[in-house]
Amino acid sequence: MTDTPPTTGADGTRPDAAQQRAAVRERYSRIATESSSCCADTGSCRESSTASPTELGYSDADRDAVEGVTDLALGCGNPTGIASLDAGDAVLDLGSGGGFDCFLAAREVGPAGQVVGVDMTPEMVERARENAETSDAPNVEFRLGEIEHLPVADESVDVVLSNCVVNLSPDKPQVFREAFRVLRPGGRLAISDVVLTAELPADRRHDPASVAACVGGAASIPALESMLTDAGFVDVSIEPDADSEAFIREWDDERDLSDYLVAATIEGTKPATGTPQ
Amino acid sequence: MKEDLMDIICCPVDKHELELDVEERDDEEIMEGTLTCTECGEVYPIEDGIPNLLPPDMREEAPA
């Protein structure tokens with residue numbers, strides 16, 4: 001299977017978890033400090049030059065609402081759009097980056113709601129905090145944390161969002177277990193991410209830089225489905241977004257990655273029964 | 001960070017509650033301080049208003 005988490009690097013074929021994490025941190029710390037367009041060399045989950053917010057499913061109103069923050073929206077979809085948030089919801093964003101999706105979510109949940117973004121890159125959290133100051137979002141908080149070890153209490157949030165981040169994790173099943181743990185019974189997972197549609201060429205799969213660029217670490221739909229089900233989620237749905245081909249094609253100069261990858265919306269629900277509400 | 005965030009944060013390692021120790025406050029915002037796990041005793045810093053709740057081994061890799 002191509003989607004076994006790359007946890008061993010001893011044979012030199014796959015980056016190990018530490019290498020993968022280091023590559024991801026290094027890349028996103030650079031993006032955070034160098035502002036908008038960077039790393040055209042290896043492509044990214046989204047650069048402003050290749051996919052507009054509209055292509056990713058954000059409306060003009062979304063963009064206007066968080067003006068000035070879009071430059072750091074490095075995603076592959078619009079998880080806030082698929083999550084159908086309610087006023088008062090507590091929302092957790094895994095890998096919040098510059099905070100774009102958090103600010104959109106904050107607008108949906110209103111003053112009674114709360115949005116928390118977790119990201120493991122200090123420079124990104126710093127940028128997100130600066131963005132929070134300029135975008136008048138009193139109910140958004142950011143903290144440094146790892147999505148495999150969420151610093152969030154059990155059953156404390158209504159919705160877990162994530163935009164093109166889970167593919168970066170060296171231990172995806174653990175990410176889904178953590179998401180399940182922090183969700184309240186009946187809580188929802190709404191993720192946009194890239195998924196594999198065919199086995200990647202070996203050079204892309206084994207390269208930490210390719211993993212950091214949201215390519216090498218992507219998992220297949222059946223693999224993700226079983227990870228979500230194993231974590232306890234029900235009503236699991238993974239829907240590929242055919243329109244994503246246009247921007248994924250731009251991610252790599254040497255080959256058309258849309259032959260291997262597609263952006264998808266990944267949803268699941270924590271069962272409401274069996275646990276006291 | 002704001003103090004009401006204490007309701008939903010926890011130790012990333014053992015998921016127990018954290019105890020807040022404020023060193024510097026700016027209105028509602030806690031700018032500097034520490035969060036200490038009530039179970040394992042691990043101390044997590046709050047620097048520039050950002051709680052660093054990375055697991056200890058990752059904080060050593062890249063301090064905030």
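Source: prediction; values computed, not measured. These numbers come from the heavy atoms of this one structure, side chains and all, not from hydrogens, waters or symmetry mates.
Looking at A:Glu126, the atoms closer than 4.5 Å to chain B (heavy atoms on both sides) sit in the backbone and in the side chain alike. For A:Glu141, the part lying near chain B is the side chain, with the backbone staying farther off; criterion is any non-hydrogen pair under 4.5 Å. Residue A:Glu123 does not touch chain B at all, counting heavy-atom pairs closer than 4.5 Å. A:Val118 does not touch chain B: none of its heavy atoms, backbone or side chain, sits under 4.5 Å away.
Within a 6.0 Å radius of CD in B:Glu19, other residues, nucleotides and ligands contribute 12 heavy atoms or fewer. Environment of CD in A:Glu133: crowded, with over 12 heavy atoms of neighbouring residues, nucleotides or ligands closer than 6.0 Å.
Residues A:Ala153 and B:Cys10 approach most closely at N-SG, 3.6 Å, considering heavy atoms.
Checking side-chain atoms of B:Lys2 against main-chain N and O of A:Val140 turns up no donor-acceptor pair under 3.5 Å. Looking only at distances, no side-chain donor or acceptor of A:Arg143 sits under 3.5 Å from a matching main-chain atom of B:Ile9.
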In sequence, state the C-alpha distance, the side-chain angles, and the governing distance for A:Met120 and B:Leu54, and then conclude on side chain to side chain contact (heavy atoms under 4.5 Å, CB included). CA-CA 7 Å; A:Met120 70 166 177; B:Leu54 288 168; 3.8 Å; yes
Verify side chain to side chain contact (heavy atoms under 4.5 Å, CB included) between B:Met58 and A:Glu148, making sure each step is shown before the conclusion. CA-CA 12 Å; B:Met58 282 196 61; A:Glu148 296 88 352; 6.0 Å; no
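The shortest distance between side-chain heavy atoms of A:Glu146 and B:Pro12 does not fall below 4.5 Å. Side-chain atoms of A:Gln114 and B:Leu5, non-hydrogen and from C-beta on, do get closer than 4.5 Å to each other.
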